[in-house]
Amino acid sequence: MIPSAAASLMSIGVDPCVSGTGAGKGLIRAFGTAMAERGVNRYCLTTDAVGNDAVNRFYENCGFERVRQFNTREGRLMNEYVMVTRREA
């Protein structure tokens, strides 16, 4: 069983002209810091699995772990990722 996350990252985006500069990773770090300040040690996100290789690699390179794939009601295959910042005792 996958423990549920205490928070969800719903959306992130950077201007294409700053792609590859670390801006996206900076946003992920800022979100992680905000979660830690609130005592949240596990958060998740979902993104398209198909035709989205660069985005999926980005999240994996940021330290997210893909925990499952699922289909939406509309038939979109999605990846669910979880970030654990501190293991529970």
Side-chain angles (χ1 to χ4, degrees):
M1 183 176 105
I2 302 166
S4 63
S8 295
L9 177 60
M10 300 301 292
S11 183
I12 181 176
V14 297
D15 190 310
C17 72
V18 297
S19 180
T21 66
K25 285 186 179 180
L27 290 171
I28 295 291
R29 279 193 303 274
F31 183 80
T33 298
M35 293 302 93
E37 289 170 353
R38 290 161 177 79
V40 175
N41 66 350
R42 177 184 301 274
Y43 50 94
C44 69
L45 64 87
T46 59
T47 193
D48 285 282
V50 177
N52 207 20
D53 293 342
V55 171
N56 283 285
R57 261 191 319 276
F58 168 76
Y59 288 126
E60 290 168 0
N61 289 337
C62 285
F64 285 89
E65 178 185 352
R66 190 180 77 185
V67 294
R68 71 178 180 129
Q69 286 189 318
F70 64 95
N71 283 298
T72 66
R73 285 179 276 180
E74 300 80 19
R76 288 171 55 194
L77 183 62
M78 305 296 287
N79 286 334
E80 180 178 4
Y81 289 94
V82 170
M83 175 72 79
V84 177
T85 58
R86 184 181 69 244
R87 297 284 172 192
E88 296 160 359

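Index from 1, following the sequence.
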Report task. Rounded to the nearest 0.5 Å, what's the gap from SG on Cys62 to CZ on Arg57? Could you check? Result -> 12.5 Å
Query raised in the report: Rounded to the nearest 0.5 Å, how far does CZ of Arg38 lie from OG1 of Thr33?
Result: 10.5 Å
Query raised in the report: Measuring from Glu65:CD to Cys44:SG, what's the distance to the nearest 0.5 Å?
Result: 13.0 Å
Report task. Give the intermediate values and the outcome of side-chain contact (heavy atoms from CB on, under 4.5 Å) for residues Ile12 and Tyr59. Result -> CA-CA 11 Å; Ile12 181 176; Tyr59 288 126; 2.9 Å; yes
Requested in this report: Check for a donor-acceptor pair, side chain of Asn56 on one end and backbone N or O of Val50 on the other, with a separation under 3.5 Å.
Outcome: no
Report summary line: Scanning both residues in full, the closest heavy-atom pair of Tyr81 with Glu60 reads OH-OE2, 3.2 Å
Report summary line: Rounding to 0.5 Å, atoms CZ (Arg42) and CE (Met83) come to a distance of 11.5 Å
Query raised in the report: Distance from Arg68 atom CZ to Thr46 atom OG1, nearest 0.5 Å?
Result: 9.0 Å
Query raised in the report: Is there a side-chain contact (heavy atoms from CB on, under 4.5 Å) between Ile28 and Leu9 once you walk through the steps?
Result: CA-CA 9 Å; Ile28 295 291; Leu9 177 60; 3.6 Å; yes
Query raised in the report: Which heavy-atom pair separates Ala23 from Val18 by the least distance, and what is that distance?
Result: CB-CG2, 4.2 Å
Query raised in the report: Hey, what do you get for CD (Glu80) to CG (Leu45), rounding to the nearest 0.5 Å?
Result: 8.5 Å
Query raised in the report: Checking side-chain contact (heavy atoms from CB on, under 4.5 Å) for the pair Met78/Asp48: CA distance, chi angles, key distance, verdict?
Result: CA-CA 5 Å; Met78 305 296 287; Asp48 285 282; 3.6 Å; yes
